[in-house]
Amino acid sequence: MDYMQIYHQWCTDPYFDEETRQELKDIESDTAEIEDRFYRRLEFGTGGLRGVIGAGTNRMNIYTVRQATQGLANYILSQDGQRKGVAIAYDSRRMSPEFADEAALCLNANGIKTYRFESLRPTPELSFAVRHLGCIAGIVITASHNPREYNGYKVYWEDGAQITPPHDKNILAKVAEVTEFSQVKTMDKKAAQEQGLYQTIGSEIDDLYMEQLKQQSIHPELIKKAAEDIKIVYTPLHGTGNLPVRRVLKELGFTNVYVVKEQELPDGSFPTVAYPNPEDEKAWTLALALAKEVDADIVLATDPDADRLGVYAKDTKTGEYVSFTGNMSGMLIAEYILREKTKTGTMPANPALVETIVTTDMAKAIAADYGVALIEVLTGFKYIGEQIKLFEQENSHHYVFGLEESYGCLAGTYARDKDACVAVMMLCEVAAYYKLNGKTLWDAMLDMYEKYGYYKEGLATLTLKGIDGAKQIQELMSSSRSNPPRTLGGCQVLAVRDYKEGIRKDLITGETTPAGLPASNVLYYELENNAWCCVRPSGTEPKIKYYFGVKGTSLEDAAEKLERLKDDMVKEENE
């Protein structure tokens, strides 16, 4: 059927509720809107679903959630995992509780037990719960930091990480097989509860998760010494971070924690921010105003599902607050952990720091300084989580810290996904350490630049929506693949890593070697003078992403080099 036929089916089939049918009838004269809603099924990617909430096959709604869940259920049954069950969490977004219930009841109808959190919880707590409860899988209903009109559905496997090969492709194939809604099962909630299939979890998991967070503290005694002097402003941006972040800081002894009242309570309409993303400077208006009012040392923001942390810190010389990238805050935590574990003799044997290929090269310098292995993985924290599992299976390394450039990191192995709650806790401990040494986090960052080099990174995105956009993204990647640039930002391109083809080509010698990572639609350019850039389509949004990194002799020099590289790369890719 073409999209108009599918549209008319949704408008008339009694399987769809009256509210859904009315929503669709209201757009009957808008052909473009109908096409966008029905030209395809909402894609179930390697991480799950993400899309605009609304009626239609290309939207997030109870029907597309059920359909995806039936595919997941079929895979779980094929793995004989129904007795282990599935943990389910959700965030503050619109329709999140409803989608969580629909997923649970679909699984229950397939004979699979579910453990659904009683109310909203951070994504990393779900990762922890999967392993603690011995589940075969986990589901989080969240669209992370996307705009308010979005929601999403992320799938985790029994190791607590988001699905990776072979499970991701196998689940995707099972989801694709569910082509008719008649194949989808569901059941009554009361009946599911009575049969012991639908179980509710809550505070008992919270307490265990909280203990795991606090165990990551290296110097709790430093917190007690600095607790009354350090001032922290925090905003959960209407998401899930409010209760766990405040609780862990309080239990560690921090006393001066100021929460942005206007953004304290969960609200899926995100009334104070158009884009609930700590990477967006507009999201910081209220937090920075409060920081100036109370003279805060650090200002922190977590995204709606509390897996990513944004940071500002005070520059005492200017009195202004300086924005930290995810690379910067991650490096501060990483160096603190490596330094203090080395000092205290608590560094494990064969320690490893794990980062993605688009994360700062400063991590390599820090790891080398402390004699720690540096492992690089593809973009996506699930690959960092996968390394923890592989380390344990192979008895090869001990995971010490992992980070990605997009404001995500994890200290400890209690979870297998990035955790803004532990990031807040660790960064506040780092701030306490430097406060006792008469320094701010910005001072500490400048010291790291002086010691390791002025590394600076950036990101540019090109949004291309709809049928034509998806085609343009593929054409851009194909063009880049067949015609690699020879210079970028005034730097010679030394080599190209094509992770889709699995090869690294040295452009000086012509030699070809394996790229060394699993197949992925990613191009990575190695440049002279410690510079690099990378291009890949987003896995969750209709975007193509360009990443850049340079090493300068000063902050100004690094900024200039980065701007030249960024301009040249985007121009090259879009000509």
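The model shown is predicted, which means the values in this text are computed figures rather than measured ones. Quick note: numbers below take in every heavy atom, side chains included, and nothing from hydrogens, waters or symmetry partners.
- For residues 375-398, the set of pairs meeting the ring pair (Phe, Tyr, Trp, His ring centres under 6.0 Å) definition, not counting sequence neighbours, comprises F391-H397.
- Each ring pair (Phe, Tyr, Trp, His ring centres under 6.0 Å) pair with one or both residues in residues 171-198, not counting sequence neighbours, appears once here: W10-F181, Y15-F181, F16-F181.
- A heavy-atom distance below 4.5 Å is found between the side chains of I337 and I218.
- For the pair M331 and L403, the minimum side-chain heavy-atom distance is below 4.5 Å.
- Remark: the backbone N or O of T240 is not paired with any side-chain donor or acceptor of S92 at under 3.5 angstrom.
- The salt bridge (charged side-chain N to carboxylate O under 4.0 Å, His left out) analysis of residues 198-210, with sequence neighbours excluded, yields the pairs R121-D206, D207-R247.
- Within a 6.0 Å sphere centred on NZ of K364, heavy atoms belonging to other residues, nucleotides or ligands number more than 12.
- Within 6.0 Å of the NZ atom in K214, the count of heavy atoms belonging to other residues, nucleotides or ligands exceeds 12.
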> Hey, mind stepping through Y75 and H167 against side-chain hydrogen bond (donor to acceptor under 3.5 Å, both in side chains) and telling me if it holds?
Replying inline: CA-CA 9 Å; Y75 184 66; H167 302 297; 2.8 Å; yes
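- A donor atom on one side chain and an acceptor atom on the other are not found under 3.5 Å apart for N58 and R37.
- Side-chain contact, S406 with E404: a donor N or O sits under 3.5 Å from an acceptor N or O.
- Counting only N and O atoms by type, the side chains of N327 and T359 include no donor and acceptor under 3.5 Å apart.
- Checked by atom type, the side-chain pair Q70/N110 shows a donor-acceptor distance below 3.5 Å.
- Under 3.5 Å, the side chains of Y3 and D36 contain no donor-acceptor pair of N or O atoms.
- A donor-acceptor pair shorter than 3.5 Å cannot be found between the side chains of Q474 and S478.
- Between the side chains of R536 and Y547, at least one donor-acceptor pair of N or O atoms lies under 3.5 Å.
- Between S96 and D91, the side chains place a donor N or O and an acceptor N or O closer than 3.5 Å (distance only, hydrogens not considered).
- Looking at S127, its side chain does come within 3.5 Å of a backbone N or O of R416 through a donor-acceptor pair.
- No donor-acceptor contact under 3.5 angstrom links the side chains of R148 and Y150, judged on distance only.
- Heavy atoms of other residues, nucleotides or ligands lying less than 6.0 angstrom from CD of Q79 number more than 12.
- Between the side chain of N108 and the backbone N or O of I112 there is at least one donor-acceptor pair closer than 3.5 Å.
- Between the side chain of N61 and the main chain of G54, a donor-acceptor pair closer than 3.5 Å is present.
- When every heavy atom of I388 is checked against every heavy atom of A415, the shortest pair comes out as CD1-O, 4.2 Å.
- With hydrogens and angles left out, the side-chain atoms of D417 and Y156 include a donor and acceptor closer than 3.5 Å.
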>> For R481 and L523: C-alpha separation, side-chain torsions, deciding distance, then whether side chain to side chain contact (heavy atoms under 4.5 Å, CB included) applies.
In response: CA-CA 7 Å; R481 196 161 266 117; L523 289 167; 4.0 Å; yes
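- Residues passing the side-chain hydrogen bond (donor to acceptor under 3.5 Å, both in side chains) test with T57, sequence neighbours excluded: none.
- If you check the side chains of D307 and T123, you find no donor sitting under 3.5 Å from an acceptor.
- Under the side-chain hydrogen bond (donor to acceptor under 3.5 Å, both in side chains) criterion, Y7 pairs with no residue at all, not counting sequence neighbours.
- Scored by the side-chain hydrogen bond (donor to acceptor under 3.5 Å, both in side chains) test, Q9 finds no partners at all (sequence neighbours excluded).
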